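Notes for the one structure printed next.
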Amino acid sequence: MRYTIAVILMVVGVVVGGLGILQKTLWAPEDTITATAQIDADKPAVIVDPGMLNLYETPTTLTVKGSGDLTIAQAPIENVEAWAGQSAYDRVTGIAAGGELTVKGTDGEGKVPNPAGADLWQSEVTGTDSVELEWNDDANRTGFLIAGDGEAGAVKSVTLTWPNHAETPWALPLMIIGGVVFISGVVLLVLGANNSKKEANRRKARQERRRKLAEYGTAFAVVPVLALSACGPEELPKPEPSEAPSSAAAGVTDDQAKRILDSVATDIKAADKKTDKKELAERAAGPALKQREDLYTIKEDVDDQKMAPAVASDEIVANYTSATDAWPRVTSLITSAGGSSQLLVLTQEDPRSDYKLWSQTQLTAGTKLPELPDSRQGATMLEPGSKDFVTTPEKAVADYAKALGSGADSKEAKKFDSDDFSKSIWKNQKEQKASAEEGNAEVKYKYTPGKELVAQGTAGDAAIVTGVIDAESTISPESKEGRTGTLTLSSPQKELVGSASTKQPVTTKTTQVLTFLVPKDGKVRLIGGLETLAGAEAG
């Protein structure tokens with residue numbers, strides 16, 4: 001009997017130890033967790049929900065297979081959805097049993113633009129026939145847009161891969177227990193060879209072994225069950241993105257702003273070099289577009305006409321982006337290059353459009369800007385008629401236009417801190433009037449505030465306002481007793497009018513784009529500007 005028990009113990013030890021070894025070998029979990037979705041052939045794009053790449057521990061690899069050029073772009077999910085718009089797309093929303101991603105289809109237009117290089121994205125990766133994105137960040141509200149050249153069927157499959165940190169906690173204990181039980185059987189077999197013990201001791205030992213056998217049997221019955229139960233299926237995780245923001249988020253991140261700035265500066269430089277209005281219109285809008293278009297036209301007749309200054313893009317001093325969840329969007333950047341500082345206002349017409357330069361003003365020397373909102377929060381966009389300040393944004397521009405026309409002693413001029421720009425305007429007016437009188441001519445000035453305006457709040461109680469003033473100066477020759485004098489013109493007026501002299505009034509036009517700091521109390525201050533020639537005409 002003792003030999004039978006010894007053999008049973010040895011067999012049980014081998015079985016239990018073998019279970020532990022199997023959990024470390026054949027039954028060991030895979031090194032990675034992988035889930036895949038096949039994409040419908042009639043869908044031109046795929047959206048991956050926030051939190052999907054964080055279902056398990058990161059780093060996560062997002063792999064896309066398809067045909068042709070492929071792009072994986074990331075941005076807040078609200079921006080991704082806005083870009084997708086009315087187009088058809090598949091949406092990856094979760095994970096199902098069997099290593100499949102759950103996909104929800106949305107019907108719509110069967111084509112999208114190629115998303116590569118779009119200004120809306122915080123970052124992107126591209127590839128041909130296959131592209132991968134490595135992810136090791138928090139879920140936040142980050143969504144992903146996947147597409148090819150815009151045609152349906154370019155994206156074939158989407159796969160997510162996570163490292164698998166699953167453990168086998170019973171493997172080592174089972175191997176130890178199995179070894180102990182096996183050795184116990186061997187020892188029992190050796191001890192059984194001792195026949196010198198008395199019969200009473202043999203009976204006592206036999207009873208003891210039976211008792212131990214019962215205890216071991218219970219343990220052996222329980223351990224394998226526990227070990228196997230630990231290998232049962234786990235509950236599938238669900239995406240856990242950050243909650244939707246209760247207020248509008250910042251429109252452009254710092255890294256995104258630098259990428260946009262570099263593109264704008266490069267494209268506008270190329271357009272300036274060729275004086276190409278069509279190319280310019282791809283990266284400029286509003287006052288910035290008009291100023292440069294006018295200069296391009298003037299340069300056709302005036303060879304030495306200077307262009308507007310290059311867009312300063314060496315460094316972003318401040319990302320003064322606006323907080324918004326709608327379009328058109330506005331973001332302002334304070335930039336520097338070669339000792340010059342500029343305030344650039346950029347606009348984006350819709351989610352799929354690139355940002356365009358709306359205005360460019362050179363900050364006055366020694367300008368001290370107020371504290372600006374954190375770029376991660378964004379600035380408040382203000383209405384032209386906002387009454388939270390010493391004057392409304394639109395009235396600040398209108399009053400400055402009146403001050404330029406009325407002089408330093410006007411009531412409008414007293415609403416502003418003294419600045420070099422207005423001083424130079426008034427000085428030129430005085431000199432031109434004196435020169436005109438000497439030549440028996442008359443000069444008049446007109447300053448008209450434009451309707452285009454951008455106003456953003458600061459971190460305090462002030463506003464930064466950029467507006468437009470159209471300026472005109474008209475010189476008229478003396479007309480007396482039916483006789484009219486002659487004006488002698490210099491460059492660039494003579495090239496634009498087409499004559500070195502004329503008996504008609506000559507009007508020279510300029511466009512002034514000006515930036516003001518409008519406080520809650522006190523005087524408005526001009527902090528930047530750019531005046532460019534708009535043209536000249538006789539008659």
Side-chain angles (χ1 to χ4, degrees), residues 28-77 79-81 83-84 87-106 111-118 120-166 234 236-241 255-256 259:
E30 298 291 338
D31 292 336
T32 60
I33 302 171
T34 301
T36 299
Q38 302 301 318
I39 305 304
D40 291 342
D42 61 347
K43 299 296 192 297
V46 179
I47 291 177
V48 180
D49 273 352
M52 280 301 303
L53 274 65
N54 297 79
L55 288 178
Y56 298 97
E57 288 189 35
T58 58
T60 308
T61 301
L62 169 57
T63 303
V64 177
K65 300 288 187 181
S67 58
D69 295 334
L70 298 172
T71 298
I72 303 175
Q74 70 181 66
I77 188 61
N79 288 354
V80 172
E81 292 171 338
W83 189 93
S87 298
Y89 57 85
D90 272 346
R91 186 164 190 152
V92 179
T93 59
I95 190 171
E100 294 183 355
L101 295 170
T102 56
V103 176
K104 180 181 179 181
T106 298
K111 189 176 182 180
V112 296
N114 188 330
L120 188 65
W121 313 131
Q122 292 180 346
S123 66
E124 66 178 49
V125 291
T126 58
T128 301
D129 297 336
S130 178
V131 61
E132 286 188 356
L133 178 143
E134 296 293 328
W135 178 257
N136 200 23
D137 293 321
D138 294 333
N140 298 319
R141 298 287 299 167
T142 304
F144 300 86
L145 187 287
I146 303 169
D149 60 1
E151 299 293 337
V155 181
K156 306 296 184 184
S157 67
V158 174
T159 301
L160 293 177
T161 305
W162 302 267
N164 189 1
H165 299 297
E234 298 181 359
L236 293 172
K238 296 180 180 179
E240 296 181 357
D255 290 342
Q256 189 180 359
R259 190 180 73 246

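Just so it is clear, the structure is predicted and the values come from calculations on it, not from any experiment.
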Check: Asp90 side chain, Val46 main-chain N or O, donor-acceptor pair, under 3.5 Å: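 Not a single qualifying donor-acceptor pair exists.
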When rounded to the nearest 0.5 angstrom, what distance separates [atom1] in [X] from [atom2] in [Y]?
X      : Y      : atom1 : atom2 : answer
Arg259 : Ser123 : CZ    : OG    : 7.5 Å
Asn136 : Glu57  : CG    : CD    : 10.5 Å
Arg141 : Ile77  : CZ    : CD1   : 7.5 Å
Leu160 : Thr34  : CG    : OG1   : 9.0 Å
Thr161 : Ile33  : OG1   : CD1   : 10.0 Å

Full working for side chain to side chain contact (heavy atoms under 4.5 Å, CB included) between Met52 and Phe144: CA-CA 10 Å; Met52 280 301 303; Phe144 300 86; over 6 Å; no
Residues forming a side-chain hydrogen bond (donor to acceptor under 3.5 Å, both in side chains) with Glu81, sequence neighbours excluded: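 In terms of side-chain hydrogen bond (donor to acceptor under 3.5 Å, both in side chains), with neighbours along the sequence ignored, Glu81 is linked to Arg91.
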Non-neighbouring partners of Glu134 that pass side-chain hydrogen bond (donor to acceptor under 3.5 Å, both in side chains), sequence neighbours left out: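 side-chain hydrogen bond (donor to acceptor under 3.5 Å, both in side chains) list for Glu134, sorted by chain: Thr61.
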Pairs involving residues 148-159, ordered by first then second residue, that meet side-chain hydrogen bond (donor to acceptor under 3.5 Å, both in side chains) (sequence neighbours left out): Thr36-Thr159, Lys111-Glu151
Steps toward side chain to side chain contact (heavy atoms under 4.5 Å, CB included) verdict (Thr32, Trp162): CA-CA 6 Å; Thr32 60; Trp162 302 267; over 6 Å; no
From CA spacing to verdict: side chain to side chain contact (heavy atoms under 4.5 Å, CB included), Leu70, Val155: CA-CA 8 Å; Leu70 298 172; Val155 181; 4.3 Å; yes
Plane angle bin for Trp83 and Trp121 - parallel if under 30°, tilted between 30 and 60°, otherwise perpendicular: tilted
What I'd like to find out is whether the side chain of [X] reaches to under 4.5 Å of the side chain of [Y], using heavy atoms alone.
X      : Y      : answer
Tyr89  : Val112 : no
Asp69  : Thr126 : no
Leu133 : Glu124 : no

Distance-only donor-acceptor hits, side chain of residues 93-104, under 3.5 Å, sequence neighbours excluded:
unit_1: Thr93; atom_1: OG1; unit_2: Thr102; atom_2: OG1; d: 3.2
unit_1: Thr102; atom_1: OG1; unit_2: Gly94; atom_2: N; d: 2.8
unit_1: Thr102; atom_1: OG1; unit_2: Gly94; atom_2: O; d: 3.1

Check against side chain to side chain contact (heavy atoms under 4.5 Å, CB included), Val92 and Asp49: CA-CA 6 Å; Val92 179; Asp49 273 352; over 6 Å; no
Please give me the minimum heavy-atom distance between [X] and [Y], naming the atom from each residue.
X      : Y      : value
Leu53  : Thr58  : O-CG2, 3.7 Å
Gln122 : Pro76  : NE2-CD, 3.3 Å
Gly153 : Ser67  : O-OG, 4.2 Å
Lys43  : Ala88  : CD-CB, 3.7 Å
Gly148 : Pro115 : O-CD, 3.5 Å
Thr71  : Ala116 : OG1-CB, 3.5 Å

Those residues that, when tested against Asp42, pass side chain to side chain contact (heavy atoms under 4.5 Å, CB included) (two or more places apart): Asp40
All side chain to side chain contact (heavy atoms under 4.5 Å, CB included) counterparts of Ala139, not counting sequence neighbours: Asn54
Identified side chain to side chain contact (heavy atoms under 4.5 Å, CB included) partner of Leu145 from the options Leu120, Val48, Ile47: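 It is Ile47; the other options fail the test.
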